[in-house]
Amino acid sequence: MEVKLKKPILDFNARVAKENRELMQQHGIFVLDLLASPGAGKTSLILATIEALASTYRIAVIEGDIASDVDAVKIKQTGTAAVQINTGGACHLEATMIARALTTLELDKLDLIIIENVGNLVCPTEFDLGEDVKAMILSVPEGHDKPLKYPGVFQSAKAIVLGKIDTKPSFDFDEHAFKQSLGQLNPHALLFPLSAKTGEGVQEWTHWLSNQIEEKKSCS
Amino acid sequence: MHEFSLMTSVLDAVEESAREHKARKVVEIKLVIGEMSEVFEDAMSFAFETLTPNTMCEGARLTIIKVSPKSRCLACGHEFEHTRLKFACPECDSLATELLAGKELHIESMEIE
C-alpha cells in the first residue's frame, strides 16, 4: 500500500526553530547565525563586534564546535555571556541544540545573540535555528572562487563578510571575480569587507548590526 | 555529513506513520530533493543503509526524485529552468528572480506491507 506523506524532512527542526524564533521575538533579541570555514575568523569577528557594541547592547554568544570550549573561554574573558555547545562530531548546529542553550541564558537581559556555527560551508546552511539572519564570512586567504564551489551558503546568507582584507597583499584574491560570482548567486546580499585585526571596515558591519538590533527591539 | 541527521528525521517520520498504518514493513521510501539543496545523494543512501538494519525499513528501496532549479523573473515574468549557479533571466538578464523550485527536501511517500 502506498501512503502519501508530503512532509518536509526537516519538519521537526523547523518546528523547534519556530519556537526559538517566537521566544526571541517575545524578548526582542536579534539573533545572528554566523557561518564560515574553520579558521575564517568567526571568533575574531565576534570579539571585534563585542568590543564595538558591548557598551551599547547586552550580548551573548552561543559557540558551536565539535569539541572543546576554547572559543567560549575567549568570549567569557571579555565579560560576555557564552554557552558552548559541543556537537560531538556533528558538522552543524540544529534548532534543538539552540533551544537547550537558550534555557541557560538570561533572556530578559539580552539584545543580541550571536551563534557561532560549526566551521563548515555546507551542512549548516540547511538548518534553520530560529535566527533572524544567517551571515557568513569568506576570508581572503580562502580564495575568490569559493562562491562557485559552495553556492548554497552564499545563497542562504543575507550578509557576507569578506574577512582578513589586511592579508590581500599576500594572496591573489580577485575581488572583481568574487563580486561577479556573488552577484550571480545572491544579488541582494550585503557585503562587508573588513579586517577584525586592523579594525578596517568593522564600523560598517557593527553599524548594520546595530540597526538590525534596534529594528528587532522596536518590533517586539 | 548532515545527511545522517536528515535520514534520521526521514526514518523517524516514516516509521511513525508506518506504525499508525499497522504496517509490518516498509518496502519503499520516496524522497524529493531539489538540486539546490545541500544534500548529497550518495551520502543519503549511505546513511539509509547504515541506519535501517533491524528496523521496519530494513531492505526497503530508497528512491530519490530530483528537482531541477526553476525561477521566475520579477522584472519580465518569464519562468525558466537554470543551473545551481546561473540565475539571470535568459530573456532580460535581470538578476531579480524568485526561486520556484529546486530547494525541496520532502518525504513524498512510502510503500508499506
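Just so it is clear: chains get the letters A, B, ... in the order the sequence lines come, proteins before strands, and each one is counted from 1. Just so it is clear, the values below take in all heavy atoms, side chains as well, and ignore hydrogens, waters and symmetry mates.
With a 4.5 angstrom heavy-atom cutoff, A:Pro187 touches chain B only via side-chain atoms. There is no contact between A:Tyr150 and chain B, counting heavy-atom distances below 4.5 Å. Contacts between B:Ser17 and chain A at a heavy-atom distance below 4.5 Å involve the side chain alone, from C-beta outward.
Within a 6.0 Å radius of CZ in B:Phe46, no more than 12 heavy atoms belonging to other residues, nucleotides or ligands are found. Residue B:Glu28 qualifies as enclosed at atom CD: its count of foreign heavy atoms under 6.0 Å is above 12. Annotation for B:Phe4: atom CZ counts as buried by contact number, over 12 foreign heavy atoms lying within 6.0 Å.
Among A:His92, A:His188, A:Glu126, A:Gln155, the residue with the largest count of heavy-atom pairs under 4.5 Å with chain B is A:Glu126.
Taking the six-membered ring where the residue is Trp, A:Trp208 and A:Phe192 present tilted rings, their angle falling between 30° and 60°.
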